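Before any comments, here is the structure.
Here is the naming used below: chain letters follow the sequence lines, and residue numbers restart at 1 for every chain. Keep in mind the model is a prediction, meaning the values are calculated, not measured.
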Amino acid sequence: MNKKIYSIIAIIILVAVYGYDAYFDQQVEEQVVAQGATAKTNTNEYFLPTSTTGQVVHHEGYSLSYSETHEQPEWVAYELKKSHLSNTNFKRPYFEIDKAVKTGAAHWRNYKNSGYDRGHLCPAGDRKYSQAAHDETFLTSNITPQKHDFNAGVWNRLEQKTRYWANKYDGVFVVSGGILNGKMKTIGEEKVAVPNQFYKVLIDVNSGEAKMLAFLLDHKESKEPLYKFVVSVDEIEKRTGIDFFSQLEDTVENRLEASAVYSNWSF
DNA sequence: CTGCGATTC
DNA sequence: GAATCGCAG
């Protein structure tokens, strides 16, 4: 008689424990998917945007989608981890053609005496954790023509603020590029297009609830505070045709990308 | 930090 | 072309 009761109790306990465990796992999984936290284990692969050009190239420190017609990337994406931040000073190497771009990346000569900077999209300052990572940003597939006062000015301020956020929020994912449409000037024999606007999109999945932030800047120097350039991710998608953060669960993605609220980001 | 240009070999 | 140096915001 006692045996029977013990057996029943044991079964009830087993079911309860198993059930709770399964429930707990499910909750965790939903949370992980919602926050895109699996990105942690897959660095810059997880949050890659879609490519409108069909030519995605992966490097150790960043990935890019190359637009042959504009001779520059339509986006450059990478994770800026807190551990990447460093004060090391590496000597600047020479710019090199990215051999991984099969259609042929632009030669740096296009920029020579053009009046435009060779502007990094994955900044050298974000890849200072090793000489190799640093030097890898000097591939011309990571470069876009930028006015010097813009590059060294408001764009540089935004990059420094991004490093501030990477430190504060334990890493952020970054996607940057020029808006490659409309009428654009070109420079050099290969006719590298000069974007009229540049964008930067950020996502933080490592500190609390996932949050996004997007910037759209005219290609001109500005002393305005950075929050004045905040737009929704949807706005950038509309202008570029690129789909960002599609790995997120749809309702989460839609909600975050429609918002231009920046109150949960510290400026 | 973001860069360019002159000079030298 | 490669490396070094100085300069500017």
Cut-off 3.5 Å, side chains only: do A:T50 and A:D243 have a donor facing an acceptor?
no

Any donor and acceptor pair, going by atom type alone, linking the side chain of A:K147 with main-chain N or O of A:H219 inside 3.5 Å?
yes

Of all the heavy-atom pairs spanning A:R163 and A:P123, show the shortest one and how long it is.
NH1-CB, 4.1 Å

May I ask you to check whether A:F215 and A:F198 place their ring centers less than 6.0 Å from one another?
no

Is it the case that the side chains of A:E96 and A:T140 hold a donor-acceptor pair, with the cut-off being a distance below 3.5 Å and no angle test?
no

Assess the side chains of A:S266 and A:Y164: does a donor N or O sit below 3.5 Å from an acceptor N or O?
yes

Which whole-number value in Å describes the distance from A:D117 CG to B:dG5 C1'?
12 Å

Would A:K211 and A:D204 pass as an ion pair if we require N to O under 4.0 Å?
yes

Over how many whole Å does the gap from A:K112 atom NZ to B:dG3 atom C1' extend?
13 Å

Share the residues that join A:Y111 in a hydrophobic cluster, the rule being Ile, Leu, Val, Met, Phe, Trp or Tyr side chains under 4.5 Å apart at the heavy-atom level.
A:F95, A:W108, A:Y116, A:F138, A:I143, A:I187, A:V192, A:V194

Among residues 145-156 of chain A, which residues get a heavy atom nearer than 4.0 Å to DNA chain B?
A:H148, A:N151, A:A152, A:N156

Just to be sure I understand: a Watson-Crick pair is purine N1 to pyrimidine N3 plus N6-O4 or O6-N4, both under 3.5 Å. Using that and G-U wobbles, which stems of three or more pairs involve DNA chain C?
B:1-9 with C:1-9

From CZ of A:R92 over to P of B:dG5, roughly how many Å is that when rounded to an integer?
12 Å

Nearest-angstrom distance from the residue atom CG of A:D135 to P of C:dA2
14 Å

So, A:Y78 and A:D126: side-chain donor and acceptor under 3.5 Å apart, yes or no?
yes

Base, sugar-phosphate or nothing for A:N89? Non-hydrogen atoms, less than 4.0 Å.
sugar-phosphate

Which is more 5' along DNA chain C, the nucleotide nearest A:K91 or the one nearest A:H107? Just name the residue.
A:H107

A:T144-A:Q72 side chain donor-acceptor pair, cut-off 3.5 Å:
yes

Given C:dG1, is OP1 or OP2 found less than 4.0 Å from the side-chain N or O atoms of A:R109?
yes

Can you check the A:Y94 OH to B:dC4 C1' distance for me, whole Å?
14 Å

In whole Å, I'd like the distance from the CD atom of A:E96 to the P atom of C:dA2.
9 Å

Upstream residue (5' side of DNA chain B) when A:H134 and A:Y111 are each assigned their closest nucleotide
A:H134

Considering only heavy side-chain atoms of A:N113, the closest of C:dG1, B:dG5, C:dT4 is B:dG5

Rounded interatomic separation in angstrom, taking CZ from A:F198 and C1' from B:dT2:
14 Å

If the cut-off is 4.0 Å, is A:R118 near the phosphate of B:dC4, judged by side-chain N/O to OP1 or OP2?
yes

Interatomic distance where CD belongs to A:Q160 and P belongs to B:dT2 [whole Å]:
8 Å

At 4.0 Å (heavy atoms only), tell me whether A:K161 reaches a base, stays on the sugar-phosphate, or touches nothing.
nothing

